[in-house]
Amino acid sequence: MKKHTSLRVSFAFAVIFAAASLFADDVKLENAISPSLLAQLKSKRTVSVIHAKDDSKLSLLPETAYKAQAEKAAIAKSDKNVPFTAEFLYLIPKTELLKNSADKNKIIDTDALSVVFRSISKMQGMRYHVGEKGPKDNGELLYKKAYMIANPDSNEPIADKNTGNADGQISYCYQHDHTYGDTKYKLEYHQSGNVLYATFLNTLPLTSLGVKVIMPGNMRINVISIDAGDDILLYLSTDCDAKKMGVLNVRKQIEESMVARMEAIYSWFMKQF
């Protein structure tokens with residue numbers, strides 16, 4: 001009996017080890033996205049989808065160990081509310097990231113990317129363009145303040161938790177948003193092989209002109225990065241369910257606001273090395 005038990009335990013450990021090894025394997029660019037999508041990215045460097053009101057499926061998600069997790073975390077939509085989902089995919093040469101870097105030999109890998117997306121305090125001062133303002137305009141100050149906090153009930157800044165492997169890290173942050181004022185997010189990070197997955201979920205209502213437009217837990221930002229050798233495949237998405245506000249075109253306002261924020265995150269990312 002003991003011999004059989006020992007064999008079962010050994011087999012179980014072997015299965016777990018094999019699964020862990022598979023999970024840690026690097027994701028190849030040609031396996032992460034379709035050939036047609038890869039061709040578009042090599043030509044245009046970016047592909048985006050603004051989903052119709054009745055379509056919230058994340059169609060640009062790369063094939064990684066976290067795809068199902070991201071799909072499952074999609075914001076539930078209510079018939080009484082205004083849904084909005086947008087996705088952005090970028091293929092970024094590492095040489096471009098190093099153009100403005102003080103260290104031209106800096107190693108840009110998944111560990112480095114995990115530091116960037118956990119450096120919340122560096123988002124302070126981020127600027128964005130919204131509405132009719134174009135790229136030549138300096139834009140508006142998006143985050144007057146940005147920092148990590150110890151828990152969702154705290155308002156006191158703590159140092160960014162951005163060292164070591166990010167896998168399994170749960171943090172919280174505060175941001176003073178140009179449009180929505182005081183905002184807080186729950187930050188979850190997952191890291192394996194050459195893939196980083198981060199997701200930001202609002203824990204405070206997003207308020208505009210005194211009206212709670214998006215309730216807690218009704219907006220999620222997803223970030224997935226894949227270190228593809230000479231390039232970085234970067235996926236960003238915003239997914240939310242906003243309240244209707246009388247005769248106002250809330251969807252148009254949400255689209256302008258959220259798309260501008262995704263573009264601001266991309267622009268900010270490009271300057272972090």
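These figures come from a predicted structure and were not determined experimentally.
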Measure the shortest side-chain to side-chain distance between [X] and [Y] over non-hydrogen atoms and say whether it is less than 4.5 angstrom.
| X | Y | answer |
| --- | --- | --- |
| Lys212 | Met215 | yes |
| Leu236 | Ile221 | no |
| Ile33 | Leu233 | yes |
| Thr203 | Tyr174 | no |
| Thr85 | Lys77 | yes |
| Asn155 | Ile149 | no |
| Leu89 | Leu234 | no |
| Tyr143 | Asp177 | yes |

Should the ring pair His178 and Tyr128 be called parallel, tilted or perpendicular, given that the plane angle runs from 0 to 90° and is split at 30 and 60? perpendicular

Are any side-chain N or O atoms of [X] and backbone N or O atoms of [Y], one a donor and one an acceptor, separated by less than 3.5 Å?
| X | Y | value |
| --- | --- | --- |
| Lys144 | Leu141 | no |
| Lys104 | Leu98 | yes |
| Arg251 | Val82 | no |
| Asn194 | Ile226 | no |
| Arg118 | Ser114 | yes |
| Lys184 | Asn151 | no |
| Lys94 | Gly229 | yes |
| Thr46 | Tyr90 | no |
| Asn218 | Cys240 | no |
| Asp167 | Gln191 | yes |

I'd like to know whether Leu29 forms a side-chain contact (heavy atoms from CB on, under 4.5 Å) with Leu91, so could you lay out the CA-CA distance, the side-chain angles of the two residues, the decisive distance to 0.1 Å, and finally the verdict. CA-CA 10 Å; Leu29 184 59; Leu91 186 63; 4.0 Å; yes

Tell me, with the steps shown, if Thr207 and Tyr180 meet side-chain contact (heavy atoms from CB on, under 4.5 Å). CA-CA 5 Å; Thr207 303; Tyr180 302 113; 5.8 Å; no

Distance-only check: which donor-acceptor pairs under 3.5 Å involve side-chain atoms of residues 263-273, not counting sequence neighbours?
residue, atom, partner, partner atom, Å
Ser267, OG, Glu263, O, 3.0
Trp268, NE1, Lys122, O, 3.0
Gln272, NE2, Trp268, O, 2.9

When clusters are formed by joining ILVMFWY residues with side-chain heavy atoms under 4.5 Å apart, either directly or through shared neighbours, do [X] and [Y] land in the same one?
| X | Y | answer |
| --- | --- | --- |
| Met262 | Val213 | yes |
| Val115 | Ile120 | no |
| Leu206 | Met123 | yes |
| Val223 | Leu196 | yes |
| Leu201 | Phe117 | no |

Just one of Ser171, Ser121, Ser119 clears the side chain to side chain contact (heavy atoms under 4.5 Å, CB included) bar with Asn162, so which one? Ser119

Do you know which of Thr183, Ile254, Ile214 makes side chain to side chain contact (heavy atoms under 4.5 Å, CB included) with Met219? Ile214

Approximate separation, where rounding is to 0.5 Å, of [X] [atom1] and [Y] [atom2]:
| X | Y | atom1 | atom2 | answer |
| --- | --- | --- | --- | --- |
| His129 | Arg127 | NE2 | CZ | 8.5 Å |
| Ser192 | Tyr197 | OG | OH | 14.5 Å |
| Lys42 | Gln40 | NZ | CD | 13.0 Å |
| Met148 | Asp160 | CE | CG | 5.5 Å |
| Ser56 | Asp241 | OG | CG | 9.5 Å |

Closest approach of [X] and [Y], non-hydrogen atoms and distance?
| X | Y | answer |
| --- | --- | --- |
| Pro216 | Asn202 | CA-ND2, 3.5 Å |
| Ala86 | Ile50 | CB-CD1, 3.6 Å |
| Ile232 | Ser225 | CG2-CB, 4.5 Å |
| Val27 | Ala32 | CG1-CB, 3.8 Å |

Full working for side-chain contact (heavy atoms from CB on, under 4.5 Å) between Val195 and Tyr66: CA-CA 9 Å; Val195 181; Tyr66 306 114; 3.8 Å; yes

Please evaluate residues Tyr235 and Asn222 with respect to the criterion side chain to side chain donor-acceptor pair (under 3.5 Å), reporting the C-alpha separation (whole Å), side-chain torsions for both, the decisive distance (0.1 Å), and the verdict. CA-CA 8 Å; Tyr235 170 88; Asn222 288 315; 5.2 Å; no

Here's a test for you: under side chain to side chain donor-acceptor pair (under 3.5 Å), which of Asp239, Thr238, Thr199 qualifies with Arg220? Thr199

Salt bridge or not between Glu96 and Arg45? Use side-chain N to carboxylate O under 4.0 Å. yes

Test item: side-chain donor near acceptor, His51 and Glu87, under 3.5 Å: yes

Can you list the steps and then say if Thr95 with Asp230 is a side-chain contact (heavy atoms from CB on, under 4.5 Å)? CA-CA 8 Å; Thr95 52; Asp230 293 331; over 6 Å; no

Contacts of type salt bridge (Lys or Arg N to Asp or Glu O under 4.0 Å), residue Glu63, not counting sequence neighbours: Lys67

In sequence, state the C-alpha distance, the side-chain angles, and the governing distance for Gln169 and His190, and then conclude on side chain to side chain donor-acceptor pair (under 3.5 Å). CA-CA 7 Å; Gln169 179 174 323; His190 304 275; over 6 Å; no

